[in-house]
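Below: one structure, written as structure tokens.
The figures that follow rest on heavy atoms only: side chains count, while hydrogens, waters and symmetry mates do not. A, B, ... follow the sequence lines: proteins, then strands. Residue 1 opens every chain. Note that the coordinates shown come from a computational prediction; the quantities given were computed from them, not determined experimentally.
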Amino acid sequence: MKSTTDTAKESELKGRKPIKSGRERLAPLREHYRHHALGFLTGFILLALGNGAAAAIPYTMKLATDALANGESTRVREMALALLGITLVHAVLRVGSRFWIFRIGRKIEYALRNQYHEKLLTLERNQLNKWRTGDLVSRGIGDMIAIRMFIGPGFLLVANTTLAYAVTIPVMVAMDLQLALLALAPLPLTIYVARLLTRRLYGLSRRMADQFGQLSSFIQESISGMTVIQAHAAESRWKARFYDESEAHYLANLNHARLHGLFAPLMGLAGGLGSWIILAYGGGLVAEGRLTLGDFVAFTGYLTMLIWPTVGFGWILAVLQRGLAALSRLQDVLVLNGSDVLDVDSRQENSHEKKSGCYDISIRNLSFYHDDAKLKDKVKILDDISLDIPADAFVGLVGPIGSGKSTLLHLLARIEKAPEKSIFINKEAIEDIPQARLRRCMALAPQENQLFSIPVRDNIRFGCPDMDDKTIWRYLKLTALDREAASFPDGLDTLVGERGITLSGGQRQRAALARAWIMEPDILLLDDVFSSVDLATEQSILKALHDSDRKHTMVMVCHRINALLAADIIFVLDQGRLVAQGDHETLLKQSELYKNLYKQMSRKQALAGVQ
Amino acid sequence: MNAPAPGISDETRYGKFVDLLILKRFFSYARPYSRWIVVAFCLLPLAAFTQLTQPLMIRFSVDNHISTGDMDGFIIVILGYGALVVLQLAVSYVQTLLHNILGQRIVRDLRRDLFSHVVNQDTSFFHTNTSGRLTNRLTNDTESVNQMISAGLINLVGDILLLIGVAVSMFALSMHLSLITLATMPFIVVATVMITSRVRKAQKKARVMQADMSSMMTEELEGIDVVRLFNRQKHNHQAFDAINSRYYHSTVGSTFLETVQFSFVETTSTAVLALLFWYGASLQESDPVTLGTLIAFIDYIRRLFNPIRDLSSKFTTMQAAMTALERIFSLIDQKPKLNRSDFIGDKTISNQTPPSIKFENISFNYGKGDVLKEINLEIEPGERIAVVGPTGTGKTSLIKLLNRTYDPVQGRVLIDGQDIRTQPLSEVRRSVGMIQQETFLFTGSVAENLSLGDSEMSREQMKNMLKQAQAWPFIKGLPDQLDAKVEQRGYNFSTGQRQLLGFARVLASQPRILVMDEATSSVDTVSERLIQEALQVLLKGRTALIIAHRLSTIREADRIVVLSNGKIEEIGTHEALLQRDGLYAKLYALQFQDDLISGDVAASV
């Protein structure tokens with residue numbers, strides 16, 4: 001009953017995705033396999049030699065035993081020495097071959113992970129948005145480990161099992177065919193039981209992990225929603241629910257333990273059965289004189305050599321399967337082609353030598369859609385926008401939430417891809433400008449002022465890693481962050497984030513502004529960078545931006561009036577359309593929407609004043 | 001039990017006996033299973049016996065039957081040997097299962113205890129203990145305690161027993177060979193422990209590096225826009241390559257150690273065997289070693305290795321569990337400030353009519369500076385009070401005192417003339433319906449979110465609640481209706497729909513008081529209309545205290561309380577307050593007149 005539903009589930013899972021051919025799956029590895037072909041060959045030869053040495057050990061033991069039984073003590077000593085020697089040679093070969101092959105796996109893991117990381121950095125945002133961040137990260141860590149297991153231990157186990165059988169079986173048969181057949185008889189059974197158990201255990205351990213995940217998320221959610229639970233006096237009911245959750249987790253663990261505990265004893269039994277047959281039947285043969293005591297010892301030795309590779313058989317298949325699944329998950333990302341490039345030819349320093357240029361922007365019939373996964377449809381964000389931004393102007397963007405202001409900035413900054421021939425910078429279509437040049441002349445301080453958990457210094461000079469402290473302090477001063485930065489525990493060396501200081505919203509905004517501004521870009525794009533900054537500070541930063549001796553074209557999404565008053569020209573957006581443009585005075589007269597927005601902003605400001 | 005010696009302070013005593021105290025406390029969780037524990041300990045000698053006798057049987061069959069060719073009774077020895085192997089495997093299975101069950105059960109109980117404790121904490125507890133930390137205590141820390149029981153504690157005793165048994169048996173078989181074997185033991189023990197602990201350290205290091213890589217990737221992907229904007233791809237990739245390469249070099253090192261560890265047991269035991277052959281040959285003349293003895297010795301040596309190898313890892317498991325237990329118990333020792341069971345009043349809050357509420361000389365703070373100062377407010381039964389005021393003036397704190405999220409530092413809150421601290425906490429909370437700004441929904445179904453685990457609530461009741469809250473129309477439209485899935489935090493519902501579901505949920509306990517922190521965020525016009533309609537139903541026949549952000553809510557209120565800096569600045573009807581031309585008039589002009597402008601724009605900035 002249970003197993004039928006399991007298989008049904010399995011086939012359903014398989015059915016969801018078209019099964020890729022093995023060749024297709026192995027595509028990311030082909031080049032690496034070719035590169036390490038000689039290495040794999042060397043590894044295989046070492047393994048073969050190791051197995052040869054291993055097979056010599058029971059034989060030497062046989063000779064020693066026979067000598068001991070015959071009372072030839074000199075020969076026993078010789079054989080003891082030989083045994084010691086062969087064991088040491090075997091150990092060296094064994095450690096050597098395993099290490100050699102595993103190291104190839106590690107090497108390929110390293111290279112693949114780098115390759116994957118490089119690919120991630122060149123992809124467009126909408127390409128990355130197909131997956132959750134955690135999913136992408138687990139492909140780079142967990143799946144990569146599964147692939148390494150496929151390459152290293154996978155190869156080793158397959159080769160080793162084959163070699164072990166190839167070496168031992170002829171020797172055993174040569175010693176006594178009948179005993180060999182009898183002793184080997186339980187091995188197919190071992191393979192069968194091991195395979196069966198491995199497969200079922202895999203399902204059970206999945207369920208156990210799922211149950212643990214469920215318990216964790218129940219706990220996490222209960223804590224997040226504790227206010228609700230307590231306000232509804234539902235504590236006792238929640239305890240009851242936890243009681244059930246923990247019981248389910250316990251039962252899942254128990255089910256797993258029941259079968260998992262069986263694994264070692266069953267394998268011991270399967271292996272022990274062979275030894276028992278050798279003892280029972282072989283013992284009789286020795287007593288009859290058809291076999292020597294040494295043969296008896298050697299037989300047991302050879303059987304021992306075979307047991308672990310046999311038991312491991314079920315495991316090999318699991319490793320290979322998991323590796324192939326991981327490979328196809330990796331391939332999903334690797335086949336994508338992004339627009340960015342990793343290796344930027346020109347150096348960052350050039351940006352400072354370059355003289356200030358005049359950069360105008362023109363937008364022609366720009367429409368832009370977002371893929372909405374939920375609606376399975378495209379949502380129009382920008383609708384046929386055409387506008388001109390003169391060089392060195394300070395431009396304001398206003399509009400209600402969802403009117404497309406941020407999207408417009410993202411398209412200008414090319415973190416989203418605009419349709420061809422819709423955005424021009426100095427008459428040049430944005431898609432034709434090389435990445436390095438574009439990034440050098442343009443900087444954006446985004447609304448989600450993401451900082452990284454690196455020192456404050458490195459956050460500020462994120463785009464120009466060689467910038468000196470003096471310049472950094474200058475820009476911290478311009479963004480009114482210098483005094484606070486000086487009070488950080490380790491100054492500029494202070495780490496940002498969990499293991500360092502937590503910056504307030506306003507501090508993050510100003511840091512993000514400094515990070516963009518320090519690039520001294522020709523075009524500076526600012527997305528609502530003052531929402532958590534007090535009015536006086538905002539005013540002083542705006543003044544600094546305006547007075548800056550380096551001319552730049554500045555486009556800013558405004559939610560507060562100070563900036564609007566300072567802007568040379570303001571574009572008003574509504575539902576993705578450009579509905580009005582002009583300076584503040586003109587717009588107040590001409591645009592009802594602008595008037596309302598302005599009134600709204602001034603009220604908010606006045607309200608803040610009351611508080 | 002043992003009185004502290006004079007001169008030793010509690011502090012130093014605690015430091016000294018810390019592990020014993022923790023263990024003692026922990027054993028209280030094991031007590032319900034003491035019978036099982038006794039069984040587990042009784043199985044240990046049996047397990048050792050089945051292992052120790054096997055080599056002896058082999059020796060007997062080789063020396064007395066196979067070598068001599070005398071096969072009388074051989075079959076019995078062989079069958080006996082087989083039975084012993086089967087018995088050993090059976091016992092080991094029972095042991096594994098028993099230890100697992102014990103560990104899982106004890107940990108399950110510990111978890112339940114800890115969870116109950118957490119659920120009963122008051123709000124300040126959740127400010128000092130983040131959700132991540134609490135989740136970690138309840139999942140990972142308890143899991144390492146499980147490891148200690150299922151893999152550590154009892155097995156450790158069993159291993160020691162086996163080691164002693166093997167030593168005794170070997171000496172009984174052959175003094176000379178035992179001495180030779182014993183001579184190699186220090187080398188084997190030291191080498192095993194050294195390799196094992198190094199491998200473990202290397203593996204730990206590798207895990208840390210894996211975590212580093214994964215947090216680096218996470219942060220980078222979350223900030224991919226910034227990475228691209230500042231053209232940092234190359235730089236970032238170099239940084240990633242550096243850590244990836246360090247990971248490679250470190251793991252290659254540990255791989256070598258692991259392969260050595262893997263081969264060590266087999267190689268060493270074969271080497272010891274060679275040694276035994278050598279001496280066996282020399283002893284031929286003086287103290288002849290039989291072949292059976294030799295084979296038995298090989299067997300014993302193999303059985304020695306596993307316990308030795310596991311010894312150090314078991315101590316590590318114990319250590320980890322001790323630290324985890326210490327953290328768990330220190331959490332359990334945090335007692336809630338709110339007294340939950342101090343029902344000392346003579347009368348429970350009556351249950352029919354809307355009650356009166358009185359805030360009597362209330363002051364409140366969160367540890368520093370007063371948030372509320374000498375608040376005096378009397379609310380008539382069925383009255384509707386709107387609370388307004390600039391942000392950060394204690395509005396939210398005021399309503400939180402009413403359902404005892406916090407208790408006031410000074411003064412009393414009375415419902416129907418009864419100090420709420422003299423009433424059972426759950427009674428108070430059931431009679432005060434609380435609606436938050438943001439409705440928190442749990443993952444699960446709509447029904448589960450309405451009942452919050454109350455199995456007695458019927459589906460009819462739920463439908464009724466939804467109907468009253470104007471939420472039934474959109475729930476009815478869903479394919480699974482009451483069983484419709486609610487995703488994490490209810491993100492598959494709009495803000496307005498979540499609010500309506502919150503309204504419905506609060507009706508479950510038929511509260512007589514409604515406390516609401518009106519949402520500031522805007523919702524679409526349809527939802528807005530539904531919310532207003534639902535609110536009318538909800539407020540009917542209830543005493544209400546609402547932090548108001550919408551003009552309509554204020555206009556519907558009987559009285560308006562204006563808070564400023566933790567004090568009641570003004571109080572009265574809308575008209576009266578407008579006439580006064582004070583703070584309310586000012587706020588009204590700035591904040592609420594927006595509602596008169598077209599809703600669209602007002603909602604947007």
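With chain A as the partner, the residue from Q104(B), E219(B), E220(B), M434(B) showing the most heavy-atom pairs under 4.5 Å is E219(B). Ranked by non-hydrogen atom pairs under 4.5 Å with chain B, the options H117(A), M61(A), R98(A) are led by H117(A). Most heavy-atom pairs under 4.5 Å with chain B, from the set T87(A), T60(A), L451(A), I229(A): that is T87(A). Contacts with chain B were tallied for L438(A), V76(A), I141(A), L84(A); I141(A) has the most, counting heavy-atom pairs under 4.5 Å. Across L134(B), V77(B), L229(B), L221(B), the residue that shares the most heavy-atom pairs under 4.5 angstrom with chain A is L229(B). Here T270(B) is the residue among T439(B), T270(B), V515(B) with the most heavy-atom pairs under 4.5 Å with chain A. Taking Q436(B), Q95(B), R108(B) one by one and counting their heavy-atom pairs under 4.5 Å with chain A, the maximum is reached by R108(B). Top candidate by heavy-atom pairs under 4.5 Å with chain A, chosen from H65(B), R430(B), R105(B), H235(B), is R105(B). For the options R414(A), H260(A), K107(A), heavy-atom pairs under 4.5 Å to chain B are most numerous at K107(A). Per-residue heavy-atom pair counts under 4.5 Å with chain B were compared for L525(A), I145(A), T227(A), T300(A), and the maximum is reached by I145(A). Heavy-atom pairs under 4.5 Å with chain B peak, among G96(A), A233(A), P265(A), G282(A), at P265(A). No other option in L294(B), T267(B), V432(B) has as many heavy-atom pairs under 4.5 Å with chain A as T267(B).
Residue I78(B) touches chain A through both its backbone and its side chain, counting heavy-atom pairs closer than 4.5 Å. Residue R75(A): no heavy atom, backbone or side chain, is found under 4.5 Å from chain B. Residue contact with chain A, scored on non-hydrogen atoms closer than 4.5 Å, involves the side chain of Y247(B) exclusively. Contacts between L441(B) and chain A at a heavy-atom distance below 4.5 Å involve the backbone alone (N, CA, C, O). Looking at I75(B), there are no atoms closer than 4.5 Å to chain A (heavy atoms on both sides), in backbone or side chain. Heavy-atom distances place both the backbone and the side chain of I101(B) under 4.5 Å from chain A. Heavy atoms closer than 4.5 Å to chain B are found nowhere in A240(A), neither backbone nor side chain. Using a 4.5 Å cut-off between heavy atoms, L128(A) contacts chain B through its side chain alone, with no backbone atom that close. Heavy atoms of I57(A) lying under 4.5 Å from chain B belong exclusively to its side chain. For T96(B), the part sitting under 4.5 Å from any heavy atom of chain A is the side chain, from C-beta outward, and nothing else. Of the two parts of Y248(B), only the side chain, counted from C-beta on, holds a non-hydrogen atom closer than 4.5 Å to a non-hydrogen atom of chain A. Proximity to chain A (any heavy atom under 4.5 Å) is shown, for S564(B), by neither the backbone nor the side chain. Looking at M79(A), there are no atoms closer than 4.5 Å to chain B (heavy atoms on both sides), in backbone or side chain. E143(B) touches chain A through its side chain: at least one heavy atom from C-beta onward sits under 4.5 Å away, while N, CA, C and O do not. Of the two parts of L285(A), neither the backbone nor the side chain holds a non-hydrogen atom closer than 4.5 Å to a non-hydrogen atom of chain B. Of the atoms belonging to T251(B), heavy atoms from both backbone and side chain fall under 4.5 Å from chain A. Residue Q88(B) does not touch chain A at all, counting heavy-atom pairs closer than 4.5 Å. For A516(A), the parts sitting under 4.5 Å from any heavy atom of chain B are the backbone and the side chain alike. D241(B) touches chain A through backbone and side chain together, each having a heavy atom under 4.5 Å away. Contact of S263(B) with chain A is made through backbone and side chain together, with heavy-atom distances under 4.5 Å. The part of V297(A) that comes within reach of chain B is its side chain, from C-beta onward, which places non-hydrogen atoms under 4.5 angstrom from that chain. At a 4.5 Å heavy-atom cutoff, the contact between E266(B) and chain A is made by side-chain atoms alone. Using a 4.5 Å cut-off between heavy atoms, E245(A) does not touch chain B at all.
A salt bridge is absent between E109(A) and R103(A); no separation between the charged side-chain nitrogens and carboxylate oxygens falls under 4.0 Å. Ion pair R429(B)/E235(A) flagged as a salt bridge, since at least one NZ, NE, NH1 or NH2 atom sits closer than 4.0 Å to an Asp/Glu carboxylate oxygen. Ion pair R228(B)/E124(A) flagged as a salt bridge, since at least one NZ, NE, NH1 or NH2 atom sits closer than 4.0 Å to an Asp/Glu carboxylate oxygen.
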(request) Kindly determine whether R111(B) and H249(A) satisfy side-chain hydrogen bond (donor to acceptor under 3.5 Å, both in side chains), including the steps that lead there. (result) CA-CA 11 Å; R111(B) 262 190 196 133; H249(A) 175 244; 3.2 Å; yes

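Classified by interplanar angle (parallel below 30°, tilted 30° to 60°, perpendicular above 60°), the ring pair F256(B)/F99(A) is perpendicular. Ring geometry, H237(B) versus F240(B): the interplanar angle falls under 30°, so the pair is classed parallel (tilted spans 30 to 60°). Ring geometry for F462(A) against F230(B) counts as perpendicular: the plane angle is over 60°, on a 0 to 90° scale with 30° as the lower cut. Relative ring orientation between W238(A) and F442(B) is described as tilted, the plane-to-plane angle lying within the 30° to 60° band.
A cation-pi arrangement is absent between R77(A) and F277(B) under the rule of less than 6.0 angstrom and at most 45 degrees off the ring axis.
More than 12 heavy atoms of other residues, nucleotides or ligands shown are found within 6.0 angstrom of CZ on F126(B).
Here the CE atom belonging to M216(B) is positioned 9.5 Å from the OG atom belonging to S453(A), to the nearest 0.5 angstrom. Taken to the nearest 0.5 Å, the CG atom of L136(A) stands 6.0 Å off from the CG atom of L120(A). Of the inter-residue distances, the one linking H256(A) atom NE2 with N100(B) atom CG reads 9.0 Å to the nearest 0.5 angstrom. Here the OG-CD distance, from S116(B) to Q121(B), works out to 11.5 Å after rounding to the nearest 0.5 Å. E247(A) CD to R112(B) CZ: the interatomic distance, rounded to the nearest 0.5 Å, is 5.0 Å.
Looking only at distances, no side-chain donor or acceptor of R113(A) sits under 3.5 Å from a matching main-chain atom of N244(B).
You'll find the side chain of P446(A) reaches within 4.5 Å of the side chain of V226(B), heavy atoms only. Put simply, the side chain of Q230(A) does not reach to within 4.5 Å of the side chain of T405(B), judged on heavy atoms. Side-chain contact between S222(A) and F242(A): absent, with no pair of heavy atoms (C-beta onward) separated by less than 4.5 Å.
Shown here are the ring pair (Phe, Tyr, Trp, His ring centres under 6.0 Å) partners of Y243(A), two or more places apart in sequence or in another chain: there are none.
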